[in-house]
Amino acid sequence: MTAQADEREVYDHNAIQAKWLPLWDELAPFRSGDPSDPRPKKYVLDMFPYPSGDLHMGHAEAYALGDVLARYWVLRGYNVMHPIGWDAFGLPAENAAIKRGENPREWTYANIEQQKSSMRRYACSFDWDRVLNTCDPEYYRWNQWLFLQMFKKGLAYRKDGAVNWCPSCQTVLANEQVVGGECERCDGPVTKRKLNQWYLRITDYTQRLLDDMDQLEDGWPNKVLLMQRNWIGKSTGAQVRFEVEGREEPITVYTTRPDTLFGATFMILAADGELAAELAAGTSAADELAAYVEQMKASTDIERQATDRPKTGVFLQRYATNPVTGERIPMWASDYVLADYGTGAVMAVPAHDQRDLDFAIKFDLPVRLVVESDEDPKATGVAVADDGLHINSGPLDGMNQEDAIATILEVLGQRGTGEYAENFRLRDWLISRQRYWGTPIPIIHCEACGEVAVPEDQLPVRLPELSGDQLRPQGVSPLAAAEDWVNVPCSQCGAAAKRDADTMDTFFDSSWYFLRFLNPHDDTQAFDPELAKQWLPVDQYVGGVTHAILHLLYARFITKVLHDLGHLNFTEPFTRLLNQGMVVMNGSAMSKSRGNIVRLSDELDENGVDSVRLTMVFAGPPEDDVDWADVSPSGARKFLARVWRLAGDVSSAPDADAAGGDVPLRKVTHKIVHECAQAVESYRFNVVVARVMELVNAARKAIDSGCGPADPAVREAAEAAAIILSMVAPYTAEDMWERLGHAPSVMRASWPQVDPALLVADAVTCVIQINGKLRDNFEVSPDISEAELQEIAMARPAVQTALAGGELKRVIVRAPKLVNVVIA
RNA sequence: GCCUUGGUACUCCAACGGUAGAGAGGGUGGUCUCAAACACCACAAAGUGUGGGUUCGAAUCCCACCCAAGGCACCA
């Protein structure tokens, strides 16, 4: 071998990357806009990233997995749309802008450019003609349009509500920014504050969000469906009306245990609710209640959420009447009853509800057992929650829970004092944010006309130019201080008015972005309904389980809204969902404080893009976390070099007919190609890699000690390896394809044809079990009959000796692989 | 506290209720080399968390427990 030839045999990932990346830009193999494309469609979508710095290991995993699926469907002959964009509004940009004295745009777009270029190098198969950024006016204009459609339908409304408030940052926080009761930014305690805010009426859709999950049963992880069901939190029970002394109207309570009504010995109202204030008014409890509520507001989320904290409350000096016992029961107010769930009032059944029991013991209120139990809750301090025979309950005596509930509902119905009821944990979606870097809410507040929608032909309402200190949180939105922006004439009456100064939750931006990818540059509509019919729903969605509830729930909600508005012909946006795991280091999430961050760029430099992608895919099932300490990118590189050399060793002509090739190797190839397709479709990507390794090992063996490098079966194997590998290691596969004598690109190749005749094995190993234990094995034809197999098996010496030791009871034959002889 | 998902070799992971090992990492030995690295070849031992059950046969299905991870958590 010459020195030059020697050099050519070195697998140089940098050279291969540098060689092919520019060519792919030219070929743009993943463009998907051609309307005359006759291939069936597949919409593969990766959750779009937030542009916080460069890509990290987590992105590398997510996009490697998404790419396997996108590239697979391309190889299978589908017209695949695989777009990408940036979820580009949000707080980190604002913080960076304050620090740097800039507009958040600078930091955001710089990061987007950085990430985009990293994604290109990482060989993500995105359609680069469809890029969108949510912070572009061309995008958020349609956010505003969508908001206005909902406003007109009454689905967007304003109300006063208690929201998360960080006293040290002087700003409202989103739920997801409150971590364990603490502010994500400053780690200070979070309190509640009453503010007038915009909400979206997602609670109108609770039952549909629940019911439509039936459509997702096969395509989504059970875990996510379960989390959504829990989040929606449907419960069933009854509403019961209690007469109140000195009040015209009765008070309605919601309970899931109407069967325990006979044990209701007092009533509790939400302390911060209107009812409590009304009832206390004019009594000596009024001041006490007011003080209690003040204290309640000041308490932090951490204090509020502590489950073992003692019960507190105020006696309201008022009495209600238990509708079934006629008893006079005292009315209290407490913070453990929530104003915004159910009716904000509960009947307390201390014997059978732990919270009520804690309260009853604390304030020495009566406890009456109405379900049979050996224990006395008042003595043990433990409420009896189990099903059992009802006692002290009039007509319910002797019944179990189910019958008692049915009966009491009947009784209440006859008397007109109650009926069956449902409740949901899900609340309306608060979308107002007192921040700058988000979509302005397109509403003008006019003294005379009230809330006025900005006319659609005046959209977008653009953000004013603010930067640096102007963005500092002051307790109100920075937009409110932008005088010449916020002061506008009312678009209805022309009088002086003010724009709404809040911006929208960024989850709103991401709740419909998958529709905008259809026509990202269209300035006449948010999305094209005809294209939506053609491309949607998304066939495959890929993203982290961190979005299992909020983002996915919001996207489902908005899809239903758009369906009801007549813009879409489907009700669920994502048919299949894959949740990839996280990349961790030594068992824990990478973080600066742990000092265990692995830099993606370092890994890419050292072992190359393909090695990192292969490592991510091969590490294990995609849903599992990848522990970087357990995997071997250098091992991945070793394999890639090995398979790359294999392509160089093939010495047959590119058009060699595989039909005349070595049959055993061909069988291996066809079996593996077949199995790989099934494995991809069931997300077993790690198995795909293992199968390709197997194929490479088999081809290597054939070259070195079998049929030799000139056999067309070796070429067939190497080409199959290149095509399959192009899903995971596109640079290496592309270079192999060239070395195998083909014109670029391997991405234009199609999935190898499987010859069914080659999937049939010549012989299979049949095992013999005696009483279920392995005792013997021999080769048989795969299409052997059961009778024939049994005959052969019974004649085997192993069976004969066993038979001599006992009586034959049974023979189980599973042709062609197993015979189990049962001997007593 | 409630719910869910997991537990296979030294490590990461495979195995339609039917031979526990596909693949990789690590290890040992060899070939190549002046030597090493790379590459190539070969090799090993040992294991289904624990206890029951169903079955001709269980890593696989069922029950209980242990451990780990995740979700929810005063939602009446």
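Letters go in sequence order (proteins before strands), and every chain restarts at 1. All of these numbers come straight from a predicted model, not from anything done at the bench.
- Residues A:W429 and A:Y199 keep their aromatic ring centres 6.0 Å or farther apart.
- Rounded to a whole angstrom, the distance from the P atom of B:A46 to that of B:G53 is 28 Å.
- Checking the phosphate oxygens (OP1, OP2) of B:A76, no side-chain nitrogen or oxygen of A:R425 falls inside 4.0 Å.
- For the pair A:R700 and A:D704, the salt-bridge criterion is met [side-chain N within less than 4.0 Å of a carboxylate O].
- Between A:D624 and A:D340, the one whose closest nucleotide on RNA chain B sits nearer the 5' end is A:D624.
- When heavy atoms are screened at a 4.0 angstrom cut-off, A:V811 is found touching no nucleic acid atom at all.
- A:T255 comes within 4.0 angstrom of the backbone, heavy atoms only, and of no base.
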Distances under 3.5 Å between nitrogen or oxygen atoms of protein and nucleotides 60-71 of chain B:
none

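- Looking at residues two or more places apart in sequence or on another chain, you find a salt bridge (Lys or Arg N to Asp or Glu O under 4.0 Å) between A:E217 and A:R229.
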Using nucleotides 54-56 of chain B, report all nitrogen or oxygen pairs with the protein that are shorter than 3.5 Å.
unit_1: B:C56; atom_1: OP1; unit_2: A:R810; atom_2: NH1; d: 2.9
unit_1: B:C56; atom_1: O2; unit_2: A:N820; atom_2: ND2; d: 2.2

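- The shortest distance between the side-chain N/O atoms of A:R775 and the OP1/OP2 oxygens of B:U19 is not below 4.0 Å.
- A heavy-atom distance below 4.5 Å is not found between the side chains of A:L365 and A:P350.
- A heavy atom lying under 4.0 Å from RNA chain B marks the following residues of residues 688-699 of chain A, by number: A:A690, A:R691, A:M693, A:E694, A:N697.
- A donor atom on one side chain and an acceptor atom on the other are not found under 3.5 Å apart for A:N423 and A:S235.
- Without hydrogens or angle criteria, A:R810 side chain to A:L808 main chain gives no donor-acceptor distance under 3.5 Å.
- In this view, A:F359 and A:F266, A:W332, A:Y336, A:F363 satisfy the ring pair (Phe, Tyr, Trp, His ring centres under 6.0 Å) rule, not counting sequence neighbours.
- In RNA chain B, consecutive stretches of 3 or more Watson-Crick or G-U wobble pairs with both distances under 3.5 Å are given as paired ranges: B:1-7 with B:66-72, B:10-12 with B:23-25, B:27-31 with B:39-43, B:49-53 with B:61-65.
- If you take atom P in B:G49 and the same atom in B:C41, they sit 34 Å apart, rounded to whole Å.
- Contact annotation: A:R700 side-chain N/O to B:A39 OP1/OP2 distance is not under 4.0 Å.
- Between A:S235 and B:A76 there is a side-chain N or O to OP1 or OP2 distance below 4.0 Å.
- Using a 3.5 Å distance cut-off with no hydrogens or angles, the side chains of A:Y683 and A:E681 do not pair a donor with an acceptor.
- In summary, the side chains of A:Y292 and A:T312 do present a donor paired with an acceptor at a separation below 3.5 Å, with no hydrogens or angles considered.
- Residue contacts for A:K638: at a heavy-atom cut-off of 4.0 Å it reaches the sugar-phosphate backbone alone, with no base atom in range.
- Checking A:Q228 against A:R556 by side-chain atom types alone, a donor-acceptor pair falls below 3.5 Å.
- Taking side-chain N and O atoms only, A:Y341 has a distance below 4.0 Å to OP1 or OP2 of B:A76.
- Inspection of the A:T765 and A:N777 side chains reveals no N or O donor paired with an N or O acceptor under 3.5 Å.
- Residue A:R427 is in base contact, counting any heavy-atom pair closer than 4.0 Å across all strands shown.
- In summary, the side chains of A:T255 and A:R257 do not present any donor paired with an acceptor at a separation below 3.5 Å, with no hydrogens or angles considered.
- Across B:U33 and B:C38, the matching C1' atoms stand 11 Å from one another, rounded to whole Å.
- Electrostatic pairing of A:K667 and A:D762 counts as a salt bridge here, judged by a charged N lying under 4.0 Å from a carboxylate O.
- One finds no salt bridge joining A:D610 and A:R637 here, because no Lys/Arg side-chain nitrogen approaches an Asp/Glu carboxylate oxygen to under 4.0 Å.
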